[in-house]
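Note sheet for the following structure.
Whatever order the structure lists them in is the order used to number ligands and atoms, beginning at 1.
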Amino acid sequence: MELVHSILNMDRRMTCVFGTEITRCKHQGKIMTSVHDVTYHLLRKQGVTSVFGNPGSNELPFLRDFPADFRYYLGLHEGVVVGMADGYAQATGKPALVNLHSAAGTGNGMGALANACSAHTPLIVTAGQQTRVMMSVEALLTNLDSTQLPRPLVKWSCEPSTAQDVPLAMSRALHMAVLPPSGPVYVSVPYDDWAAEADPQSWALFERQVSAVGSFDGPSLSRVVDRLNAAERPVLVLGPEVDACRANAHAVRLAEKLHAPVWVAPSAPRCPFSTTHPNFRGLLPASIKGISATLSGHDLILVVGAPVFRYHQYEPGAYLPAGAALLAITSDPQEAARARVGDAIVGNIHATLQALADTVRQSHRPSPTPLAQTAPAEIGPGLLSPETVFNVIADTAPRDAIYLNESTSTTDFLWQRLPMQEQGSYYFAAAGGLGFAMPVALGVQLAEPSRRVIAIVGDGSANYSITALWTAARYKIPVVFLILNNGTYGALRWFAEVLKVEGVPELDLPGIDFVTLAKGYGVQSMRATTANDLKQALAAALRSQTPTLIEVPTHAEGF
Ligand SMILES: Cc1ncc(C[n+]2csc(CCOP(=O)(O)OP(=O)(O)O)c2C)c(N)n1
Ligand SMILES: [Mg+2]
């Protein structure tokens, strides 16, 4: 009687606080609220009502009676599912829910999970587990050692020990994903748990707010401000976290007060600073030697929202230019601790940048002069050059367009030629895992329906997540997919030269017809072979309410 009373109380609270009907059913004469319904209500209350998934039998009980106020986005491969959720979470700045099929589905999603992990994307990845009584005999579809499987790409993973712990595990996952440093988490749920009776006190989870604060105290702010004020030639290096926590305007104020040039941190997964701002210098190279050479002459390097540094190609050298000190601010203790040089502060990027921009003294040294305009690319006969493609995009796309970059050998041209002025204008695979741009573009476009998303993808990269085209068509997500088809893994040709490696087999990919592939998945498509064709096709695609793929045969850069 007491139990029934408290459940009724819970129901009353749920209904009056959230105004949403929770299913109650009678089981052996008792009124029962299921783990399933409590979990959906928790998700609803925490604002997570989009589910990105690809189901199997273990997941069907979770998807039963899918609530009308939730939306399910089906990806045909788990790389697409995780990528879509990654884009959605990055662009909204809120956690996204992924539902994968046991171990195999998790495995298929792990390449995309590597990117999400490096990007600090708050993802709650759930996977269906076998029913509890069959797990110990390792029945088909048992996720063996489920909590180990996604490590080290998740911050936390769990398989609740009882069905009644599922809502608590989901609540913990939601908070863990968002707490700094944010990142993916994993919950494996035996499928019989969803129908079990929930703990009547689960309602207490719905209201919980868990937050982190982390700005300077007075003395620590003064120490940093004094160093910045005393520097004669300071430089800012801004990373993805500045864009992720929407601190772009504070970064601009700080750069303008310091009259400091601004570089974007190497291997940039996001664009933290307007590329048309007079203080903008460009994308730092990704080698030890290259970074030192580029930053030489500065006496203080302030890195905000990036590791020190995200190197790629190995070119040994001094970690810092002669005479330079370095100070880094990050939300990630691991990033702070593992740097080889400089001091680091762990804190909230938005709050710390704001405090610095408010407090630092206005400099009277000369302001950096704007970069010279890049020369228009020459248009000769034959295949289009990547430079021409970027010039056409820059001329045609709206000012607030969002770019996904997975055209690996042309990244420098992109940064030189595409104006990216607004917050959230650029995404790139943070762990370098291909198969990123096409699905992430879908998630970003769902999150940003009033902006246009253009995914610039190489012919090699496009094949890793090509089934994203079906999802784009299915939900009419109007992404423009621009495939730069140079017939080769261009970046690997470049890397083979860097590594002085000869005789590598099979770096070319002749004979892929993306126009036909797109049609097969239900996406309108065309091939553009001249600058004029491309301009017309892109303008039409940007007017369309449905997705479009444009294949542009291009010449391979420098090979
Ligand atoms: C999942 C994954 N597999 C392989 C690679 C290695 N890789 C890096 S760049 C690249 C070539 C990409 O070619 P394409 O998309 O055609 O761009 P291009 O370099 O020609 O501009 C490959 C295979 C990777 N980064 N990620
Ligand atoms: Mg290529």
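A perpendicular orientation is assigned to the rings of Trp470 and Tyr475, their planes being inclined by more than 60° (bins at 30° and 60°). The aromatic rings of Tyr88 and Phe52 sit tilted, their planes meeting at an angle between 30° and 60°. Note: Phe309 and Tyr311 have perpendicular aromatic rings, judged against thresholds of 30 and 60 degrees for the angle between ring planes.
The Mg ion (ligand 2) has no N, O or S atom of Ser409 inside 2.8 Å of it. Residue contacts to the Mg ion (ligand 2): Thr488 brings an N, O or S atom closer than 2.8 Å.
In this structure, Gly432 is part of the shell of residues with a heavy atom less than 4.0 angstrom from ligand 1.
The closest heavy-atom contact to atom 2 (C) of ligand 1, among the options Asp459, Val457, Leu507, Leu434, comes from Leu434.
Considering backbone and side-chain N/O atoms, Ser409 comes within less than 3.5 Å of an N/O atom of ligand 1. Here's the thing with Ala462: none of its N/O atoms is less than 3.5 angstrom from an N/O atom of ligand 1.
Taking every heavy atom of Asn486 and a limit of under 4.0 angstrom, the matching atoms of ligand 1 come to 18 (P), 20 (O), 21 (O). Ligand 1 places these atoms under 4.0 Å from at least one heavy atom of Gly490: 18 (P), 19 (O), 20 (O). The ligand atoms of ligand 1 that sit less than 4.0 angstrom from a heavy atom of Ser461 are 12 (C), 14 (P), 15 (O).
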Mind running salt bridge (Lys or Arg N to Asp or Glu O under 4.0 Å) on Arg527 and Asp533 for me, showing each step along the way? CA-CA 8 Å; Arg527 188 168 290 112; Asp533 274 3; over 6 Å; no
Determine, stepwise, if the pair Ser102 / Gln129 fulfils side-chain hydrogen bond (donor to acceptor under 3.5 Å, both in side chains). CA-CA 6 Å; Ser102 191; Gln129 174 63 289; 4.8 Å; no
Please test Gln421 against Thr276 for side-chain hydrogen bond (donor to acceptor under 3.5 Å, both in side chains), starting from the C-alpha separation and ending with a verdict. CA-CA 7 Å; Gln421 292 160 305; Thr276 58; 2.9 Å; yes
Show, in sequence, the C-alpha distance, side-chain angles and deciding distance for Thr546 and Lys476, and conclude whether the side-chain hydrogen bond (donor to acceptor under 3.5 Å, both in side chains) test is met. CA-CA 5 Å; Thr546 53; Lys476 295 193 171 49; over 6 Å; no
Would Asp86 and Gln90 count as a side-chain hydrogen bond (donor to acceptor under 3.5 Å, both in side chains) if you check the C-alpha gap in whole Å, the side-chain angles of each, and the deciding distance to 0.1 Å? CA-CA 6 Å; Asp86 185 357; Gln90 288 203 57; 2.8 Å; yes
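Nearest non-hydrogen protein atom to atom 11 (C) of ligand 1 is Tyr489 CD2, 3.5 Å. Looking from atom 14 (P) of ligand 1 to the surrounding protein, the closest heavy atom is Gly460 N, 3.5 Å. The nearest protein atom to atom 4 (C) of ligand 1, hydrogens excluded, is given as Tyr464 OH, 3.5 Å; this is a heavy-atom distance.
A 4.5 Å side-chain heavy-atom check between Arg399 and Pro419 finds every atom pair outside the cut-off. Side-chain atoms of Glu406 and Leu434, non-hydrogen and from C-beta on, do get closer than 4.5 Å to each other.
Both the backbone and the side chain of Thr408 come within 4.0 Å of ligand 1, counting heavy atoms alone. With a 4.0 Å cut-off on non-hydrogen atoms, Trp494 does not touch ligand 1 at all.
Here the N, O or S atom of Asp459 that is nearest to the Mg ion (ligand 2) is OD1.
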